[in-house]
Amino acid sequence: QLADDAHRVYRTLVWDDPGFVPFFRAFTPADELTLFEIGSRPAARPGGDDYLHSLRAIPWVFAWTQNRCLLPAWFGCGTAFDAVEVEELRRLFREWSFFRSLVENLEMTLAKSSLEIAAGYLDLVDDEHLFGPIADEHARTVAAVLEIVEAKELLDRHPVLQRSIGLRNPYVDPMNAIQVDLLARYRGASDEEERARLRRPLLRSIAGIAAALRN
């Protein structure tokens with residue numbers, strides 16, 4: 001039931017909202033990932049007319065990691081958890097190793113995310129209406145996870161990882177701010193020469209954020 005409820009909420013945003021694809025492409029550096037000459041396959045499957053259907057899984061997740069939203073890892077979970085009594089969720093957490101592993105991975109991902117940083121990428125977006133539901137679901141999911149694990153802060157039970165993320169984030173935050181500026185300038189460049197000049201620092205910002213967010 002939890003899986004069904006989360007899946008429904010996820011699809012309502014990602015597949016059913018006609019404004020989602022233009023929002024995603026503006027809000028993340030998904031299209032700019034194709035500038036990297038890495039990987040054994042291109043970011044999208046050839047010949048696909050539907051953007052989401054042709055996009056491969058790795059660039060889909062990678063793009064959401066860049067703006068610190070990490071949406072594919074948690075969106076829908078908060079609503080699903082809200083529909084179940086917290087004591088039942090705590091029982092599942094105590095007694096079922098699969099559910100415990102799922103919640104702990106969710107907790108780690110939420111700790112690495114930052115909706116405050118992600119909000120900076122709204123400068124790149126024409127229509128911001130989807131960010132409200134995303135931020136609300138993120139808050140719901142964080143609150144639900146804290147209720148389930150009975151903690152005041154994310155990763156309270158894993159102080160080494162909590163400290164690592166807490167020390168690292170202030171160094172990553174400026175890279176995100178730089179990336180937003182570079183994306184705006186790259187997308188708005190008037191000629192290929194200017195785009196070529198911006199390409200290397202933009203790619204370095206993508207690589208730097210990716211390296212910094214690893215555990």
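One is the number of the first residue; the rest follow in order along the sequence. Computed from a predicted structure; not experimentally measured.
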Name all pairs fulfilling the salt bridge (Lys or Arg N to Asp or Glu O under 4.0 Å) condition that reach into residues 24-36, sequence neighbours left out, sorted by first residue then second. R25-D31, E32-R187
What is the minimum heavy-atom distance between F27 and A118, and which atoms define it? CE1-O, 3.2 Å
Backbone of S113 reached by a side-chain donor or acceptor of R68 within 3.5 Å: no
Quick one, L2 and F99 - any side-chain contact, counting heavy atoms below 4.5 Å? yes
Count I, L, V, M, F, W, Y as connected when their side-chain heavy atoms are under 4.5 Å apart, and connections chain through other members. Are F98 and V84 then in the same cluster? yes
E193, CD: over 12 other non-hydrogen atoms inside 6.0 angstrom: no
Which atoms form the tightest heavy-atom contact between T109 and A73, and what is the distance? CG2-CB, 3.3 Å
Closest contact, heavy atoms only, P29 versus Q179: CG-OE1, 4.0 Å
Would you please say whether a donor-acceptor pair under 3.5 Å links the side chains of Q162 and E153? no
Is the shortest heavy-atom distance from the side chain of L89 to the side chain of E147 under 4.5 Å? no
Without swapping roles, check the side chain of S205 against the backbone of L202 for a donor-acceptor pair under 3.5 Å. yes
Residues which pass side chain to side chain donor-acceptor pair (under 3.5 Å) with R163, listed by chain and number, not counting sequence neighbours: none
Is atom CZ of R91 surrounded by more than 12 heavy atoms (other residues, nucleotides or ligands) closer than 6.0 Å? yes
On a heavy-atom basis, which atom in R168 and which in A212 lie closest, and how many Å separate them? CD-O, 2.6 Å
Does atom CD of E85 have more than 12 heavy-atom neighbours, drawn from other residues, nucleotides or ligands, at distances under 6.0 Å? no
Taking the side chain as C-beta and beyond, is there a heavy-atom pair between L92 and I148 under 4.5 Å? no
Heavy-atom closest contact (W74 atom, C69 atom, distance): NE1-O, 2.9 Å
Please check this pair: side chain of N105 against backbone of S101, looking for a donor-acceptor N/O pair closer than 3.5 Å. yes
E107: which of K112, H158, R157 passes side chain to side chain donor-acceptor pair (under 3.5 Å): R157
Taking atom types as modelled, find out whether T28 and Q66 have a side-chain donor-acceptor pair closer than 3.5 angstrom. no
Beyond-backbone contact of L13 with I134, side-chain heavy atoms, under 4.5 angstrom: yes
Pairwise distance NE2(H7) to OG1(T12) - rounded to 0.5 angstrom: 9.5 Å
Hey, is CG on D16 packed in by over 12 heavy atoms from elsewhere, all under 6.0 Å? yes
Can the ring centres of F20 and W15 be said to be less than 6.0 Å apart? no
Side chain to side chain contact (heavy atoms under 4.5 Å, CB included), paired with F81, selected from V86, L106, D5: L106
Determine the minimum heavy-atom distance between F23 and L122, stating which atoms define it. CE1-CD2, 4.2 Å
Main-chain N/O of D50 paired to S54 side chain as donor or acceptor, under 3.5 Å: yes
